[in-house]
Amino acid sequence: MTEPNILSSLSSALAETIARAAPAIVSVHSHRARASGFVWKVGLVVTADEALADEGEIEIQFADGNRRPASVVGRDHTTDVALLHVEGDVAPVKLSTENPALGSLAVIVAADRGAPTARLGMVALSGPAWRSLRGGEIDARIELDVRLRHSQQGGLALNAAGEPFGMAVLGPRRVLTIPATTIERVAGQLEKSGRIARGYLGVGLQPVRLDDGLGAMVMNVDKAGPSAAAGIRQGDVIIAVNGEKLYGVRALSRGLGPQSVGTVVELTVHRGGEPLNFKVTVGERPET
């Protein structure tokens, strides 16, 4: 009998790694949309918010073929994390908060109609924390050089040791991983309160180009909001925040994360050609 070579040993190790993770991987069916997910805690499933339909019933299909209805505990569009409740006693996965090294192997274990699927790739980028286009705080930027189908979003990304380090989602150019640290933080808040608190100024803004840069014109003001209480009016043009020149509406919105609620910001505005300063206590964005 011949000794196993490196490739056969690697193949066996990968198969064993996938087999260990597969029981906790589920299919998520929601209004003609299919995604993957994983059991985060007993009775709680994490999936990709982007792949989850905005309405209709949700059904979870487990690896053993069992199908059960699920309900939304909470969703965070900014970090692409959604938490679902489903009856069941499947053992949850244990996430690793250690980020993988650049160039290391990564396996995505997902599901399609309940059947486990797997993809093998490489960590193409392993970088620091960043903000998503929707303003969510992602604790590390991890990109994978691997193809991913829509139904595989929400699957687990495993390192070479078989430890799940995040959730695979489709990015603009590459497959991204929502790291375990972000999942634990966001899912924990969703489990506790069903939502993520976001900062709220109570104004509708429109970007405008000024002679010396960019500004944000106040198009409407929530009369019960924090900006109205501070004296901001419709037609004001915000040109600076805390003394720093404004670089666009999106930059202002990104600064209104959970940590901003309750803080005081100084807004410099142009009103009738004159600069005025207002101190605004950031409120909590109301549920829509």
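One N or O on the side chain of D80 and one on the backbone of D49 form a donor-acceptor pair closer than 3.5 Å. For the pair S11 (side chain) and L7 (backbone), a donor-acceptor distance under 3.5 Å is absent. In this structure a side-chain-to-backbone donor-acceptor pair under 3.5 Å is missing from T97 to T181. A donor-acceptor pair is defined here as one N or O able to donate and one able to accept, closer than 3.5 Å; such a pair exists between the side chain of Q153 and the backbone of L170. Distance alone, capped at 3.5 Å, places no donor-acceptor pair between the S30 side chain and the I58 backbone. With N242 contributing its side chain and V265 its backbone, the two residues share no donor-acceptor pair below 3.5 Å. A donor-acceptor pair under 3.5 Å is formed between the side chain of N159 and the backbone N or O of G162. For the pair S193 (side chain) and L190 (backbone), a donor-acceptor distance under 3.5 Å is absent. Under the 3.5 Å distance criterion, the side-chain polar atoms of T47 are matched with a main-chain donor or acceptor of S36.
At a threshold of 4.5 Å between side-chain heavy atoms, the hydrophobic network of Ile, Leu, Val, Met, Phe, Trp and Tyr places L276 and L252 in one connected group. By the rule that hydrophobic residues join a cluster once side-chain heavy atoms approach within less than 4.5 Å of another member, I178 and V175 end up as members of separate clusters. V249 and L267 fall within a single hydrophobic cluster, where Ile, Leu, Val, Met, Phe, Trp and Tyr side chains are chained together by heavy-atom contacts under 4.5 Å. Hydrophobic clustering, with ILVMFWY side chains joined whenever heavy atoms are under 4.5 angstrom apart, groups V169 together with I138. Follow the hydrophobic side-chain contacts under 4.5 Å out from V81 and you reach V109 in the same cluster.
Residue Q259 places its CD atom among more than 12 non-hydrogen atoms of other residues, nucleotides or ligands, all under 6.0 Å distant. In this structure, R233 places its CZ atom where only 12 or fewer heavy-atom neighbours from other residues, nucleotides or ligands lie under 6.0 Å away. Taking a 6.0 Å sphere around CD of E98, one finds it holds 12 or fewer heavy atoms contributed by other residues, nucleotides or ligands. Within 6.0 Å of CG on D89 lie no more than 12 heavy atoms contributed by other residues, nucleotides or ligands.
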If you apply the rule salt bridge (charged side-chain N to carboxylate O under 4.0 Å, His left out), what do you find for R198 with D76, and how did you get there?
CA-CA 10 Å; R198 298 289 173 192; D76 181 30; 2.8 Å; yes
Go through the steps to decide whether V280 and E266 satisfy the test side chain to side chain contact (heavy atoms under 4.5 Å, CB included), and finish with yes or no.
CA-CA 6 Å; V280 181; E266 185 176 66; over 6 Å; no
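Here the CE-CG distance, from M219 to L205, works out to 9.5 Å after rounding to the nearest 0.5 Å. Atom CG of L158 is separated from atom CD of E163 by 9.5 Å, given to the nearest 0.5 angstrom. Rounding to the nearest 0.5 Å gives a distance of 4.5 Å between CD of E87 and NE2 of H85. The CD atom of Q152 sits 10.5 Å away from atom CZ of R34, with the distance rounded to the nearest 0.5 Å. Atoms CG and CD, on L83 and E191 in that order, are 6.5 Å from each other to the nearest 0.5 Å. We find the CD-OG1 distance between E137 and T78 to be 8.0 Å, quoted to the nearest 0.5 Å.
Salt bridge E59/R67: present, at least one basic N to carboxylate O contact under 4.0 Å. One finds a salt bridge joining D54 and R75 here, because a Lys/Arg side-chain nitrogen approaches an Asp/Glu carboxylate oxygen to under 4.0 Å. For the pair R173 and E143, the salt-bridge criterion is not met [side-chain N within less than 4.0 Å of a carboxylate O]. A salt bridge links E284 with R195: the distance from a Lys NZ or Arg NE/NH1/NH2 to an Asp or Glu carboxylate oxygen falls below 4.0 Å.
Looking at heavy atoms from C-beta onward, F62 lies in side-chain contact with V90 at the 4.5 angstrom threshold. Using a 4.5 Å heavy-atom cutoff, the side chains of P116 and I25 are not in contact. Taking the side chain as every heavy atom from C-beta outward, M122 and S104 never approach each other to under 4.5 Å. Using a 4.5 Å cut-off on side-chain heavy atoms (C-beta onward), V208 and L214 make no contact. Contact of the D139 side chain with the R185 side chain is registered, since non-hydrogen atoms from C-beta on lie closer than 4.5 Å. The side-chain heavy atoms of T17 and R20, taken from C-beta on, include a pair separated by under 4.5 Å. A 4.5 Å side-chain heavy-atom check between K94 and P92 finds every atom pair outside the cut-off. At a threshold of 4.5 Å between non-hydrogen side-chain atoms, the residues V237 and V269 do not count as touching.
Judged purely by distance below 3.5 Å, without hydrogens or angles, the side chains of N99 and S126 never pair a donor atom with an acceptor atom. Under 3.5 Å, the side chains of T268 and N277 contain a donor-acceptor pair of N or O atoms. Side chains of E184 and W40: a donor on one and an acceptor on the other come within 3.5 Å.
Closest approach of A91 and A24 over heavy atoms only: O-CB, 3.8 Å. Of all non-hydrogen atoms in V93 and P164, the two that sit nearest each other are CB-CG, 4.5 Å. The heavy-atom pair separating G283 from P226 by the smallest distance is N-CG, 3.9 Å.
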